[in-house]
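Naming convention: chains lettered A, B, ... in sequence-line order (proteins, then strands); numbering from 1 in each chain. Computed from a predicted model, the values in this text were never measured in an experiment.
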Protein chains: 2
Amino acid sequence: MAQERALPPVVERLWGREPVSRRGPRPRLDLGMITSAAIEIADAEGLTGVSMASVASRVGVAATALYRYVGSKEDLLTAMVDFVVSAPPDPAGRPWRDYLALWTRAQRDTLLEHPWLLQIARLTPPLGPRRLLWLDRLLAALDGVGLDDGEKINVASALTGYALTDAALVTTVGGGEPQFDDAGIEGADDYGEVLAGLLDPEAYPALSAAVRGGALRGAEGWVDDGDFRFGLELLLDGVEALISRRASGEDAG
Amino acid sequence: MAQERALPPVVERLWGREPVSRRGPRPRLDLGMITSAAIEIADAEGLTGVSMASVASRVGVAATALYRYVGSKEDLLTAMVDFVVSAPPDPAGRPWRDYLALWTRAQRDTLLEHPWLLQIARLTPPLGPRRLLWLDRLLAALDGVGLDDGEKINVASALTGYALTDAALVTTVGGGEPQFDDAGIEGADDYGEVLAGLLDPEAYPALSAAVRGGALRGAEGWVDDGDFRFGLELLLDGVEALISRRASGEDAG
DNA sequence: ACCTGAACACCGTTCAAGT
DNA sequence: ACCTGAACACCGTTCAAGT
C-alpha cells in the first residue's frame, strides 16, 4: 500500500538512500560526512560559524561542491537536526510515566548539549529516521494505557514542546551561556533587578509584586532543575488524568 | 530600590525612552516607525523580506541611517517581537482556568497571524513592555489560588511553550501555509502517506502501526483545534492538580 | 558524474563626509 | 546630531569549464 511518493532528495539521503551513480568518478562525500562537519562547527562556534564555505573547507572541498549533496543550506540544517539526535531510551519494562519523564528529559538534554538546535527555526514534524525513532518509542511506551494513536501523538507534541521551552529558558536566562549577554543581562539575578527598575507598579501590579517579592531571585524563579520537573509533572499529571478518564469509560472529546 | 542598571539601548527605546537630543536636527524616525515597517514587510513577504535595506526604504531613509535607532538587525527583531503583541485579555472576574485558556489561545492566535514570529529563534524571557503585560495579567489571574510566584511563572512558561509548539505544528503540517511545501509535503494527509512509505515496520513497530491505522489521516492526527484544546486541557488539568494539592496543605516539592 | 573557479546578487555593518 | 554614500567583508547560489 501507500504509493511511493517523490521525496525531496535530502530526505532520501537522510534515510541512507544515496543515489547509485553509474558513470563518472565516485563521490568523495556523503550526506553524513557533510552534516557531521556542520554539527562540529556548530558545536564549537555556534550556528553563525556554519556557512557553506566553512563546512566545505572542513570536508576539504570547494563550497559549490556541496550542492551535489544538499539542495540548499536549509536542507543542510534539516539534516543537522536529524543527525544530532541519538538513540531514544528503551521503554521496555518501564511504567509509562517513568518513560515519558525520561524521554522528555533526554530531549531537553540534547537541546542543552547543542544549543544551536534552538535557533533552527523550523519546529517541523520529524521526517528523519532518528527523530521518528523517538516518536515510535513514545507510542510504544503508551501502548495499552487506553489512549488512541492521535492522543498519543498529541502527548508527544506537548512533551517535545515543553522540552524546547525549558531548554530555551535555561540557555538564555540561566547557565552562564552567553545568549542573553548581548542584552547586558547575565542571569536570573540580573533579570529580576532589571525588571524591578523597569516596571511601573500601577501598570504591572501583579508582576511588580512578584519581582519585589524575589520571585526571580537566584535560581528559584526560572531556571533550575526543579523548575523543569515542575512543568513536566504538570504535563504528566494531565496525561494521567486523561488516562483515568478513559479508563472510567468516558467518550473521547 | 533596585539600582538603575544600564540597559541596552533598544530596550530603553522599547519602553518609550527615546534619548532627548539637544543639538542638531531633530530625528526623523523613532523605533516604533521602524519596527512597524519591519512588521508590515514580514507580514507581507515573510522574514526573508526583512533586510535593513528593505526596512529603510520603506521608511524613506538610507539603510545605514537605521543604526541611529537600532544597534543591529538582532535588535530590530527583538523590537518586532514586542511590538507585534497586542494587549492581553482582561482577567477581571474570570475563573483562573478560563482565563488561562483564553490567554494561551490568544498567544497562539498571535503566532498564527504572524508566522514569522516562529522563526525568530530567541525564546528569551520578555523584556519589552507588551510581553511583560501578558505575564502580569497571568499572575493576576492566578492570584489567591495558593501557588507561589515562582510556580505561577512556571505555569506561564509552560503555557507559552505550548502555544508555540502548537502554532508551529499548525503552520507547518496544517493550514496550507507554504512552510512545509518545499519539503514536497502539503498537509497531514500527505505526511501520513510519506511516512507509510518510509517506515520499516520492524524498526518502527509502534509508529508504523499508528500510521497504518490512519492516525495521521486528515485533520485528525496533528493539526486541528481539537488537538490544541487537547494539549491545553492536559496542562490545565496539571495546574488544577497542583492547586488542589496545595489546597490540601501539602508542602512545596 | 563529480568538482572547481569565476561570477552574481545580495547581505549587515563601518566610517568619513556632508548638513 | 542626523543622514548619506562609498566601501568592506562576507553571504548563498548559478553556471560554464575542466576531468
Over all strands shown, is B/Arg23 touching base, sugar-phosphate only, or nothing at heavy-atom distances under 4.0 angstrom?
sugar-phosphate
To the nearest 0.5 Å, atom CE of B/Met80 lies from atom NZ of B/Lys73 at 8.5 Å
Walking DNA chain D from its 5' end, the first of B/Val61 and B/Pro25 to be reached, judged by nearest nucleotide, is B/Pro25
A/Arg108 NZ/CZ over A/Phe228 ring centroid, <6.0 Å and within 45° of normal:
yes
If a stem is a run of at least 3 consecutive Watson-Crick or G-U pairs, both distances under 3.5 Å, which stems include DNA chain C?
C:4-8 with D:12-16, C:12-16 with D:4-8
Ignoring hydrogens and geometry, is there a side-chain-to-backbone donor-acceptor pair from A/Asp75 to A/Val70 under 3.5 Å?
no
On DNA chain D, which is the earliest and which the latest nucleotide, 5' to 3', with an atom closer than 4.0 Å to a heavy atom of chain B?
D/dA1 to D/dA6
Keeping the roles fixed (side chain from B/Asn154, backbone from B/Ser157), state whether a donor-acceptor pair exists under 3.5 Å.
no
If you pin A/Leu29 and B/Val50 to their nearest nucleotides in DNA chain C, which one's is more 5'?
A/Leu29
Is there a donor-acceptor pair closer than 3.5 Å between any side-chain N or O of B/Ser54 and the backbone N or O of B/Gly49?
yes
Could you check whether A/Pro27 gets within reach of a base, just the sugar-phosphate, or nothing at all, counting any heavy atom under 4.0 Å?
sugar-phosphate
Mind checking whether A/Tyr204 and B/Trp134 have ring centres under 6.0 Å apart?
no
Does A/Leu29 offer a backbone N or O that forms a donor-acceptor pair with the side chain of A/Tyr69 under 3.5 Å?
yes
So B/Ala65, base contact, sugar-phosphate only, or nothing? Heavy-atom distance under 4.0 Å.
base
Does B/Ser51 reach a base, just sugar-phosphate, or nothing at all? Heavy atoms under 4.0 Å.
sugar-phosphate
Side-chain heavy atoms of B/Leu14 within contact of B/Pro129, under 4.5 Å
yes
